[in-house]
Amino acid sequence: MNVIAAPLRHNDQQARARKLEPRRPAASFAEERLHRKQRLAATFRLFARYGFDQGLAGHVTARDPEFPDQYWINPLAVHFSQIRVSDLQLVDHDGAILIGDRPINTAGFTIHSALHRARPDVIAAAHTHSTYGKAFSALGTELLPITQDSCAFYEDHVVFDPFSGVVLEDSEGERLAQTLGDRKALILQNHGLLTVGPTVEAAAWWFITMDNAAQTQLLAQAAGPLKPIAPDIAKLTASQVGTHQGGYYSFQPLWDWIVAQEPDLLD
């Protein structure tokens, strides 16, 4: 007996089963603030696991939802692996510490205040002195689209040069923000990587995956001649894997894992 298979039904229920659910909007500023601070604390714990900590260097910020000219940042001299929600400090664009009793990284303030001021769409920004980020930044060149993952940054990042010392002057922070433009990532020559996003999750994920892309290119270049992906395919792939929504979703398994491993970060 011949059996004819019934055609697949692409109804709404089946479509939802293949997609991740978007986050429900927060009901209040307080709820959104807690969400951002929890993801920010989780980001530091994850960055510690990835080995992104380096002495006093490194900072990640999250804009406050109620007061957009203020943002949350890590206190100076607290190891990423020990940061909790209650450790985060609130500062304004002038560098005044509004909540918290510890000092903050001066370069972190200079960089992030300029970024948050220039880019109202940016909720979070991440910069550390990760090993592969530093190594790649010494090349003074952009990432090549040599893998599917690195295509996430195709035509969406730029090199900031030349290196002029620790970023302490407001003018240098402003130049950095101007160089970034509307992109999601920056390679600070002889310095490291910086990523931004419309969510803490996206900014954190882009930093993690950009550092991995830098490591991958360094390994590939050491092994032999590279064979980059064709520009049209790289651009298509960027539209598939380089969205901020994709960055948000990619962070979720890391969030679930780090909270299960280190629940004290929520304190």
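The analysis underlying the following values was restricted to heavy atoms, covering all of them including side chains, and did not include hydrogens, waters or symmetry mates.
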Problem - Flag, side chain of S137 to backbone of I187, donor-acceptor distance under 3.5 Å - result: no
Practice task
Take F251 and L46 through the test side-chain contact (heavy atoms from CB on, under 4.5 Å) and record every step on the way to the result.
Solution key: CA-CA 10 Å; F251 183 85; L46 288 166; 3.7 Å; yes
Exercise for the section: Report the residue from R39, R36, Q38 that forms a side chain to side chain contact (heavy atoms under 4.5 Å, CB included) with V85. Expected result: Q38
Practice task
Take atom CZ of F80 as the centre, draw a 6.0 Å sphere, and report whether it contains more than 12 heavy atoms from other residues, nucleotides or ligands.
Solution key: yes
Exercise for the section: State, yes or no, whether a side-chain contact exists between E172 and T110 at a heavy-atom distance under 4.5 Å. Expected result: no
Problem - Y154 side chain reached by L143 side chain, heavy atoms, under 4.5 Å - result: no
Practice task
Report yes or no: do L34 and I99 belong to one cluster of Ile/Leu/Val/Met/Phe/Trp/Tyr joined by side chain heavy-atom distances under 4.5 Å?
Solution key: no
Handout entry: Parallel, tilted or perpendicular, as decided by the 30° and 60° cut-offs, for the rings of F52 and F207
Key = perpendicular
Problem - Side chain S113, main chain F109, donor-acceptor under 3.5 Å - result: yes
Practice task
Drop me the distance from T43's OG1 to I258's CD1, to the nearest 0.5 angstrom.
Solution key: 10.0 Å
Problem - Any donor-acceptor pair under 3.5 Å from R117 side chain to H93 backbone - result: yes
Exercise for the section: Could you tell me whether a side-chain N or O of Q70 sits under 3.5 Å from a main-chain N or O of L90, the two making a donor and an acceptor? Expected result: no
Problem - CG-OG1 distance between N105 and T61, expressed to the nearest 0.5 angstrom - result: 11.5 Å
Handout entry: Ring center gap for H127 and H191 short of 6.0 angstrom
Key = yes
Fill in the blank from the handout: With sequence neighbours left out, the residues meeting salt bridge (charged side-chain N to carboxylate O under 4.0 Å, His left out) with D64 are R33
Exercise for the section: For the residue pair H35 and E201, establish whether any side-chain heavy-atom pair is separated by less than 4.5 Å. Expected result: yes
Practice task
Without swapping roles, check the side chain of T195 against the backbone of A185 for a donor-acceptor pair under 3.5 Å.
Solution key: no
Exercise for the section: Please assess T216 against D149 for the test side-chain contact (heavy atoms from CB on, under 4.5 Å), listing each intermediate value before the final yes or no. Expected result: CA-CA 10 Å; T216 300; D149 295 330; over 6 Å; no
Completion exercise
Residue set satisfying salt bridge (charged side-chain N to carboxylate O under 4.0 Å, His left out) with D156, at least two apart, ordered chain then number -> K184
Exercise for the section: Work out which heavy atom in G108 is nearest to a heavy atom in I73; give both atom names and the distance. Expected result: C-CD1, 4.5 Å
Handout entry: Side-chain heavy atoms of L226 within contact of Q221, under 4.5 Å
Key = yes
Practice task
Mind checking the CD-OG1 spacing from Q189 to T141? Nearest 0.5 Å is all I need.
Solution key: 9.5 Å
Problem - Pairs meeting criterion side chain to side chain donor-acceptor pair (under 3.5 Å) with involvement of residues 228-256, two or more places apart - result: W206-H244
Handout entry: Hphob cluster co-occupancy, F153 + F160, side-chain heavy atoms under 4.5 angstrom
Key = no
Completion exercise
dist T128:OG1 -> H59:NE2 (nearest 0.5 Å) comes out at 9.0 Å
Practice task
Answer yes if V60 and I104 sit in the same cluster of Ile, Leu, Val, Met, Phe, Trp and Tyr residues linked by side chain heavy atoms under 4.5 Å apart, and no otherwise.
Solution key: no
Problem - Results of salt bridge (charged side-chain N to carboxylate O under 4.0 Å, His left out) for D53 - residues two or more places apart only - result: none
Handout entry: Polar side-chain atom of R63 near backbone of H116 as donor-acceptor pair, under 3.5 Å
Key = yes
Exercise for the section: Determine whether more than 12 heavy atoms belonging to other residues, nucleotides or ligands lie under 6.0 Å from atom CD of Q148. Expected result: no
Exercise for the section: Locate the shortest heavy-atom distance separating L194 from L188; write the atom from each residue and the value. Expected result: CB-CD1, 3.8 Å
Practice task
May I ask you to decide if A114's main-chain N or O and R119's side chain share a donor-acceptor pair within less than 3.5 Å?
Solution key: no
Practice task
Check for a donor-acceptor pair, side chain of D87 on one end and backbone N or O of R84 on the other, with a separation under 3.5 Å.
Solution key: yes
Exercise for the section: Indicate yes or no for a side-chain donor-acceptor contact from N74 to the backbone of G58 under 3.5 Å, with no hydrogens or angles considered. Expected result: yes
Exercise for the section: Taking side chain to side chain contact (heavy atoms under 4.5 Å, CB included) as the test, write out the residues that go with A26, two or more places apart. Expected result: R23, E31, E32
Practice task
Using modelled atom types only, decide if a donor and an acceptor are shared between the side chain of D92 and the backbone of D94 within a distance under 3.5 Å.
Solution key: yes
Practice task
Please answer: with hydrophobic residues joined when any side-chain heavy atoms are less than 4.5 Å apart, are F44 and I208 in the same cluster?
Solution key: yes
Exercise for the section: Please list all pairs passing the side chain to side chain donor-acceptor pair (under 3.5 Å) test where one or both residues lie in residues 258-267, with sequence neighbours left out. Expected result: R45-E262, R45-D264, R49-E262
Practice task
Would you indicate whether the side-chain heavy atoms of F47 and S130 approach each other to under 4.5 Å?
Solution key: no
Practice task
Flag yes if V78 and W72 sit in one hydrophobic cluster, no otherwise; membership is Ile, Leu, Val, Met, Phe, Trp, Tyr, and two members link when side-chain heavy atoms are under 4.5 Å apart.
Solution key: yes
